[in-house]
Amino acid sequence: MSHDSFFDQKKFPAFAIRLENEADPAAPVNLNGIQIKLEATDPNHNLLSGIISLENQEIRLINGRCSVSDLRFQKVSSRFGGHYHLRCVVVTQEFVPVIQSTISGPITIKSKRLFRKVISNQQKKKQRSNSFS
């Protein structure tokens with residue numbers, strides 16, 4: 001993930017999670033039934049609670065893959081060091097020793113009040129450009 005800005009209480013853009021074989025990342029990993037969870041961490045990778053919500057808390061991999069489309073951040077990241085990271089952790093006990101957790105790049109979450117301002121400014125710019133046409 002790039003270091004883009006997103007807004008609290010709004011749906012985070014959908015993304016995919018894929019297991020990779022470290023020895024051959026191109027080789028498919030066809031494991032089913034592995035349950036994972038997503039956690040939010042601060043810039044120092046300390047676990048934060050109450051930051052993310054998912055409609056479906058139980059994420060299961062099918063053929064080593066899944067997509068996440070219902071993630072929401074509940075709080076702005078400026079209160080927790082400027083950005084968050086998402087950590088993907090395997091929950092299925094038999095796979096915990098063999099599958100490593102992974103951490104995303106930095107994710108900045110701004111106040112949804114700013115979202116309204118951004119949309120309003122974009123609309124104003126569009127109206128100005130249309131008036132010059």
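Since the structure is predicted, the reported quantities are computational estimates derived from the model, not experimental observations.
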Trainee: Hey, could you give me the CD1/CD1 distance between Ile107 and Ile51, rounded to the nearest 0.5 Å?
Mentor: 12.0 Å
Trainee: Excluding sequence neighbours, so at least two apart, what forms side-chain contact (heavy atoms from CB on, under 4.5 Å) with Ser78?
Mentor: Val76
Trainee: Could you grab the distance from atom CD1 of Ile109 to atom CZ of Phe73, nearest 0.5 Å is fine?
Mentor: 4.5 Å
Trainee: Rounded to the nearest 0.5 Å, what's the gap from NZ on Lys37 to CD on Glu39? Could you check?
Mentor: 4.5 Å
Trainee: Do the rings of Tyr84 and Phe80 sit parallel, tilted or perpendicular, given the 30° and 60° boundaries?
Mentor: tilted
Trainee: Atom OG1 of Thr92 and atom CG of Leu31: how far apart are they, to the nearest 0.5 Å?
Mentor: 10.5 Å
Trainee: Can any side-chain N or O of Ser104 pair as donor or acceptor with the backbone N or O of Leu86 at less than 3.5 Å?
Mentor: yes
Trainee: Hydrophobic clustering (ILVMFWY, side-chain heavy atoms < 4.5 Å, transitive) - are Ile34 and Phe15 grouped together?
Mentor: yes
Trainee: What about Leu61 and Val98, same hydrophobic cluster or not, with Ile/Leu/Val/Met/Phe/Trp/Tyr joined at side-chain heavy-atom distances under 4.5 Å?
Mentor: yes
Trainee: Give a yes or no answer on whether the side chain of Asp42 reaches the backbone of Asn46 with a donor-acceptor pair at less than 3.5 Å.
Mentor: yes
Trainee: My understanding is that only residues two or more places apart in sequence, or in another chain, count here; which of them pass salt bridge (charged side-chain N to carboxylate O under 4.0 Å, His left out) with Arg79?
Mentor: none
Trainee: Please tell me whether Ile17 and Val89 are part of a single hydrophobic cluster in this structure, the criterion being side-chain heavy atoms less than 4.5 Å apart.
Mentor: no
Trainee: Residues two or more places apart in sequence or in another chain: which of them pass salt bridge (charged side-chain N to carboxylate O under 4.0 Å, His left out) with Arg60?
Mentor: Glu58
Trainee: Donor-acceptor check, side chain of Thr102 to backbone of Cys88, threshold 3.5 angstrom: yes or no?
Mentor: no
Trainee: If you round to the nearest 0.5 Å, how far is CZ of Phe95 from CD1 of Ile36?
Mentor: 13.0 Å
Trainee: Would you sort out whether Val29 and Asn63 count as a side-chain contact (heavy atoms from CB on, under 4.5 Å), showing the intermediate values?
Mentor: CA-CA 6 Å; Val29 177; Asn63 292 327; over 6 Å; no
Trainee: If I take atom CD1 from residue Ile52 and atom OG1 from residue Thr41, how far apart are they, to the nearest 0.5 angstrom?
Mentor: 10.0 Å
Trainee: Within the 4.5 Å heavy-atom criterion, are Leu54 and Ile59 side-chain neighbours or not?
Mentor: yes
Trainee: Any idea how His85 and His45 line up, ring-wise: parallel (<30°), tilted (30 to 60°), or perpendicular (>60°)?
Mentor: tilted
